[in-house]
Amino acid sequence: MKKFLNDPVDFVDEMLEGIYRAHPQVTYAAGDKRCLVTANVKPGKVGIATGGGSGHLPLFLGYVGDGMLDGAAVGGVFQSPSAEQMYQVTKHIDQGAGVLYIYGNYSGDIINFDMAAELADLDGIQVKQVVGNDDVASSVVGEEHKRRGVAGIFFVYKAAGAAAAEGLSLDEVARIADKARLRTRTMGVALSSCVVPEIGHATFSIGEDEMEIGMGIHGEPGISRTKLAPADAVVDEMMARIFAEQDYKAGDSVAVLVNGLGGTPLEELYILFRRVGQLLDERSVTVKHVWIGEFATSMEMAGASISVTHLDEELDRLIGKPAGTPFFQHVPA
Amino acid sequence: MKKFLNDPVDFVDEMLEGIYRAHPQVTYAAGDKRCLVTANVKPGKVGIATGGGSGHLPLFLGYVGDGMLDGAAVGGVFQSPSAEQMYQVTKHIDQGAGVLYIYGNYSGDIINFDMAAELADLDGIQVKQVVGNDDVASSVVGEEHKRRGVAGIFFVYKAAGAAAAEGLSLDEVARIADKARLRTRTMGVALSSCVVPEIGHATFSIGEDEMEIGMGIHGEPGISRTKLAPADAVVDEMMARIFAEQDYKAGDSVAVLVNGLGGTPLEELYILFRRVGQLLDERSVTVKHVWIGEFATSMEMAGASISVTHLDEELDRLIGKPAGTPFFQHVPA
Amino acid sequence: MDAITASDLIRLFDAWKALFSVEREFLIALDGKVGDSDLGITMSKSFAAAAEAVAAEGEGAGIAKLLRTAGATMARAAPSTMGTLTATGFLRASKAVEGAEALGTAETAAFWTAFRDGIAERGKARVGDKTILDVLDPIARTLADAAASGKPLAEALAQATAAAEEALEATKTMVAQHGKAAAFREKTVGLQDAGATVGVFLIRALRDFAAA
Amino acid sequence: MDAITASDLIRLFDAWKALFSVEREFLIALDGKVGDSDLGITMSKSFAAAAEAVAAEGEGAGIAKLLRTAGATMARAAPSTMGTLTATGFLRASKAVEGAEALGTAETAAFWTAFRDGIAERGKARVGDKTILDVLDPIARTLADAAASGKPLAEALAQATAAAEEALEATKTMVAQHGKAAAFREKTVGLQDAGATVGVFLIRALRDFAAA
Ligand SMILES: Nc1ncnc2c1ncn2[C@@H]1O[C@H](COP(=O)(O)OP(=O)(O)O)[C@@H](O)[C@H]1O
Ligand SMILES: Nc1ncnc2c1ncn2[C@@H]1O[C@H](COP(=O)(O)OP(=O)(O)O)[C@@H](O)[C@H]1O
Ligand SMILES: [Mg+2]
Ligand SMILES: [Mg+2]
Ligand SMILES: [Mg+2]
Ligand SMILES: [Mg+2]
């Protein structure tokens, strides 16, 4: 295991110490460093909380900030935070307008967020939930509720965060988050494994010349394992699956996220985006927003994912709004 | 070689295509995609140009934008761009106030920038040069002119870019850049090799449990190769070398950059920063500015570098100024 | 024993703690086949924490309060799927036996019915989905029948355990529908479900405890 | 031949092109020992481009113009250290032989003196720093002496080549001070400098060309 760490058991907590040292814009609730909240709670605003396992930076906590989220419960590497932690985050960020949970479709997270919502309800805090399930590879059409949540949750955060910043109600913010969720699809491809610090060896093995299309961000099995193909062919296959999911017409517009899983150089992500752009051009679909970089990683896994949100006017406008967190800045041109 | 690419020969040009597609804030001069310039040239402002080999994103071209640089000549992977390309960038960005070159201390780059300066001079364009040499590991005290330029050039860009944006003269911008250069030190550590696409295999080999302190961002040999130590011990060794270079007194302040070389997860960079912060606390030195992430990479190399700029009032103020490029946003709190 | 008292309950959690400490590696390996290998870690962690918490609280708190403490402690100690599901189970069981001085067959049936219902509600799984529910359901049903026909506790638990073991065996034929295993789809056929295995471990240890 | 004409020069570039195509792998390996393995690639690329450019331009352009074209082409084709240094050398040589109809011993001496000075100025290296300069300096000196004593071109080039070969051998004892090799410090002792090797290749091919 080639990692900069001290005792693997302290991995998450020492990372958090570094984060609090570096970024006074975030702090923590209930004396628990794993209950990360904005230092700048906005009175009267609908709160948005997320949470999930560590090992995916900047996901999840990196999106806590202006125009995005208000809090994030932080779990161990690839492990759900506790319902108690989610509940503490909820209590801290609630401003009387209710709290929206946005997180990925993993059973550990669901069960804990459900329990946190129950606890919050006992305090009279209104909670709604939107569960990201953008990973096309993780289940077939018709069984979308079984799909995992991956990098596409970024667009759900972005749209919902902007809506909450505009002062919309919990119902409205939840409606918008849900629309962003329903219109977002992601396909991933992995080239190498990650290593969970407390485990110390690769989560899975993959040949020196192989890729796995559709692999999950914890190493969940994908759709096909084949020889590494040229970048354009990889994108063609991924985009074909994304296009097949929604009815894209000439003149439609999209937001695109080309996300690195951790070990893949930024140069390569731009080579992938070049082809994504060509394919969208061929369909006369306009790229209104694009982000390229590391947005939802899997430690040092080499690989990438492509997320596409099929925009309508409302999502276009909200995704374009400014945002500022310690890990993500958006300053509209 | 596990990379997303098509023909390795097209690596840089396809990457650039992706960049121009994604970011309308940058364009290119003289019909040559490798002459990247801002789409938003500021009349009357001193121009700042950089350049160097590809494979280090967001270095170099990623810092072209508001409050930073105006142009970047783009070379092949780890290869200097040509004098002609540097000259074309220079001609395009010059607004009559002269152009400052800021680049790293590598013979190929120096020779070509010198030649470009000569060509620009024939056109009556005034050019000054500041050559980054922040890598402590690459030569001893007293031979600083032999040191390589690495991630610390970010602070030189930042200070000089802010100075130019304020409308200062070429002499002033060059003075500030040079001061930032003289007060910046970097130490790096590598855990794994990068792979140059046209070569196709690792640049160097390193044991599964080894690290190399002081290795350069092209795989140049470092100071010592030993067993991978705990994160805190690695930081202690790196910071001891940085502290030894300048006279840090209680009450002084610094800007810190913890930079990932490409393959190292962000989580680990925060674990490193935690220790950097503790060591600065021990000396009562204040961290005024901190950036953590990938700022100067070496493809997929696992490893990190720590850069520290010993601030004075002027550098503190300029480094804190806003900046916005497609790859880097700074919005002061 | 005919019924489980508050002081028995504290010792029962000790027995569960010892059990999961022994079965830690087995559960890690079992969860590792089509999951993330954390089940042995989370179960040993959460039962160790619960056993300490109920011991610290003491028998004076009464059965319902002890179960609530156990559930709340587990939720904090191991927020994995199974950690939170079992925590939920104990919290619901606590409510179901509110006021009971001891758990005879009727109270034990109420306990496991609430335990099952809590987990079913929280996890939204159905019987046949290859989860812990596949053993909790026969456990609850068998105990309810035993209570209705007035069977003594030890006999009721022996029957419930036998039903659970049979049900566990039956999970081998099922395709996982939930959690990390679901991604492995048909590859899960032939393997017994890890969570259902935990269910059998729980009831078996309870049977042995009550028989002693 | 007694002097090199414009049409000879075009053929000389062809000879250099052929030479570096043959020596490509050798130079890659040599630069790979304490460098980045690009020297064979850049030299074969830049001389191929230059040979094509001067051929396209044609002998009518005259020697100085052809040399300028060669230098400018090389600068664009291969902006590595050695690529730009040799480009600079040809640009300076072009100025030094301005107006010459052919390169006799005197003009060839002027050519190499300018070539050396241009590279020295651009690269800021000194003799003894283990660079191409270590062979260019004896080449320029030997040719200047030969010109002063009125030696014929072929003999002058034979002497210059011998001096260059000796100087190349001497680079083995030096520690690299410039470029990528400098990072390897003492490890460069025992190895001949890659750039100096290029210098010997250039003069050797010129000698053979003039002798033919
Ligand atoms: N929705 C659910 N309802 C009931 N049981 C579930 C559910 N999802 C998973 N399980 C059970 O949890 C077990 C795995 O537990 P655990 O390892 O804690 O999950 P994870 O590692 O995914 O958090 C499975 O074997 C299954 O019995
Ligand atoms: N400053 C310099 N002046 C003269 N020659 C130099 C200088 N730096 C390097 N060289 C020569 O360049 C050779 C290496 O050339 P090349 O491989 O093109 O360099 P790089 O790959 O670093 O750009 C060295 O062997 C040396 O002879
Ligand atoms: Mg990375
Ligand atoms: Mg990376
Ligand atoms: Mg598990
Ligand atoms: Mg070289």
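Numbers restart at 1 for each chain; the letters A, B, ... are given by sequence-line order, proteins then strands. As the structure is a computational prediction, the values presented were derived from the model and not from experiment.
Residues that satisfy the salt bridge (Lys or Arg N to Asp or Glu O under 4.0 Å) test with E59(C), not counting sequence neighbours, are absent from this structure. The salt bridge (Lys or Arg N to Asp or Glu O under 4.0 Å) search around E166(C) returns none, not counting sequence neighbours.
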- Message: Set out, in order, the CA-CA distance, both residues' side-chain angles and the distance that settles side chain to side chain contact (heavy atoms under 4.5 Å, CB included) for L191(C) and T171(C), then state yes or no.
- Response: CA-CA 8 Å; L191(C) 298 171; T171(C) 64; over 6 Å; no

- Item | Intermediate values then yes/no, side chain to side chain contact (heavy atoms under 4.5 Å, CB included), L61(A) and V26(A) | CA-CA 9 Å; L61(A) 64 86; V26(A) 291; over 6 Å; no

- Message: One pair to check against side chain to side chain donor-acceptor pair (under 3.5 Å): D145(C) and T142(C). What are the steps and the verdict?
- Response: CA-CA 5 Å; D145(C) 289 350; T142(C) 309; 6.0 Å; no

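In terms of heavy-atom proximity, A137(A) sits nearest to G214(A) at CB-CA, 3.3 Å. The two residues A3(C) and L153(C) come nearest to each other via the heavy atoms CA-CD2, 4.0 Å. The shortest heavy-atom contact between L5(A) and P197(A) is CD2-CB, 3.8 Å.
Of the N and O atoms on the side chains of Q192(C) and T197(C), at least one donor lies less than 3.5 Å from an acceptor on the other residue.
Heavy-atom distances place no part of A182(C) under 4.5 Å from chain A, backbone and side chain included. For I41(C), no part lies under 4.5 angstrom from a heavy atom of chain A.
Separating the CE atom in M74(C) from the CZ atom in F90(C) is a distance of 5.0 Å, to the nearest 0.5 Å.
Counting heavy-atom pairs closer than 4.5 Å to chain C, the top residue among P221(A), G108(A), G76(A) is P221(A).
Residue-level contacts of residues 107-116 of chain C with chain A do not occur; threshold 4.5 Å between heavy atoms.
Contact check on R204(C) versus D208(C) returns no salt bridge, with no Lys/Arg side-chain nitrogen under 4.0 Å from an Asp/Glu carboxylate oxygen.
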Scan the chain C/chain A interface and emit each donor-acceptor pair under 3.5 angstrom with its distance.
{"residue": "D38(C)", "atom": "OD2", "partner": "Q79(A)", "partner atom": "NE2", "Å": "3.1"}
{"residue": "P79(C)", "atom": "O", "partner": "N112(A)", "partner atom": "ND2", "Å": "2.8"}
{"residue": "T81(C)", "atom": "OG1", "partner": "S107(A)", "partner atom": "OG", "Å": "3.0"}
{"residue": "T81(C)", "atom": "OG1", "partner": "G108(A)", "partner atom": "N", "Å": "3.1"}
{"residue": "T84(C)", "atom": "OG1", "partner": "N112(A)", "partner atom": "OD1", "Å": "2.6"}
{"residue": "T84(C)", "atom": "OG1", "partner": "N112(A)", "partner atom": "ND2", "Å": "3.2"}
{"residue": "R122(C)", "atom": "NH1", "partner": "E118(A)", "partner atom": "OE2", "Å": "3.0"}
{"residue": "R122(C)", "atom": "NH2", "partner": "E118(A)", "partner atom": "OE2", "Å": "2.9"}
{"residue": "K124(C)", "atom": "NZ", "partner": "D114(A)", "partner atom": "OD2", "Å": "2.6"}
{"residue": "Q177(C)", "atom": "OE1", "partner": "K146(A)", "partner atom": "NZ", "Å": "2.7"}
{"residue": "R185(C)", "atom": "NH2", "partner": "S138(A)", "partner atom": "O", "Å": "3.0"}

